[in-house]
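Below you'll find the structure, written out as structure tokens, and then a few comments.
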Amino acid sequence: MDANAQLNYLRMSPRKVRLAATLIKGMSVPRAEIELKALSKRAVSPILKLLRSALSNARRNDAETSAGSYYVRSISVNPGPTLKRSRPRARGRASMIRKRTSHIKIVLGRIDDGRKL
């Protein structure tokens with residue numbers, strides 16, 4: 001049984017969020033939490049919150065399981081809409097500032113008895 005959670009319109013660049021997200025792919029949930037807490041990136045707190053939300057969704061669907069029986073099957077970070085602002089430059093010109101957003105989706109899967117993480 002898979003469990004999903006999704007975070008839309010995170011005001012952080014997808015490239016920066018992917019650095020933290022790719023670390024936990026394929027890990028068990030407790031191990032992923034430990035790895036995220038040890039990482040010093042700004043993207044860690046929304047990813048950790050999303051991971052806990054997905055685990056809560058998994059427990060709601062199947063109350064008999066523990067956190068150790070799930071692993072991060074997939075985590076994807078896609079770009080969201082870009083806020084476009086301008087900054088004044090020399091000679092009356094303006095340069096573009098792009099404030100990027102991210103959409104994060106995480107899928108947790110059950111660990112089968114034969115699988116080792």
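When a residue number appears, it is its place in the shown sequence, counting from 1. Since the model is a prediction, treat every value here as computed from it, not as a measurement.
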Could you give me the CA-CA distance, side-chain angles and deciding distance for Lys99 and Arg85, then say whether side chain to side chain contact (heavy atoms under 4.5 Å, CB included) is met? CA-CA 8 Å; Lys99 298 187 175 197; Arg85 304 290 181 258; 4.1 Å; yes

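Although no hydrogens or angles enter the test, the distance criterion places a donor-acceptor pair under 3.5 Å between the side chain of Arg11 and the main chain of Arg100. Between the side chain of Arg18 and the backbone N or O of Val77 there is at least one donor-acceptor pair closer than 3.5 Å. In this structure, Asn57 contributes its side chain and Asn4 its backbone to a donor-acceptor pair below 3.5 Å.
The side-chain heavy atoms of Tyr70 and Leu55, taken from C-beta on, include a pair separated by under 4.5 Å. Between Tyr71 and Met27, the closest side-chain pair of non-hydrogen atoms is not below 4.5 Å. Met12 is not listed as a side-chain neighbour of Thr101, based on a closest heavy-atom distance of 4.5 Å or more.
Contact detail for Ala3 and Ala54: the closest heavy-atom pair is CB-O, 3.6 Å. The shortest heavy-atom contact between Asp2 and Asn61 is O-ND2, 4.4 Å. Residues Ser95 and Arg89 come closest through the heavy atom pair OG-CD, 3.3 Å. The two residues His103 and Pro79 come nearest to each other via the heavy atoms CD2-O, 3.9 Å.
The distance from the CD1 atom of Ile47 to the CD1 atom of Ile75 is 5.0 Å, given to the nearest 0.5 Å. Arg98 CZ to Thr82 OG1: the interatomic distance, rounded to the nearest 0.5 Å, is 8.0 Å. Of the inter-residue distances, the one linking Ser45 atom OG with Lys37 atom NZ reads 13.0 Å to the nearest 0.5 angstrom. Put simply, CG on Leu50 and CG on Leu10 are 9.5 Å apart, with the number rounded to the nearest 0.5 Å. Atom CG in Leu36 sits 11.0 Å away from atom CZ in Arg31 (nearest 0.5 Å). Atom CD1 in Ile97 sits 13.5 Å away from atom NZ in Lys84 (nearest 0.5 Å).
Summarising the local packing, CZ of Arg15 is surrounded by 12 or fewer heavy atoms from other residues, nucleotides or ligands at distances under 6.0 Å.
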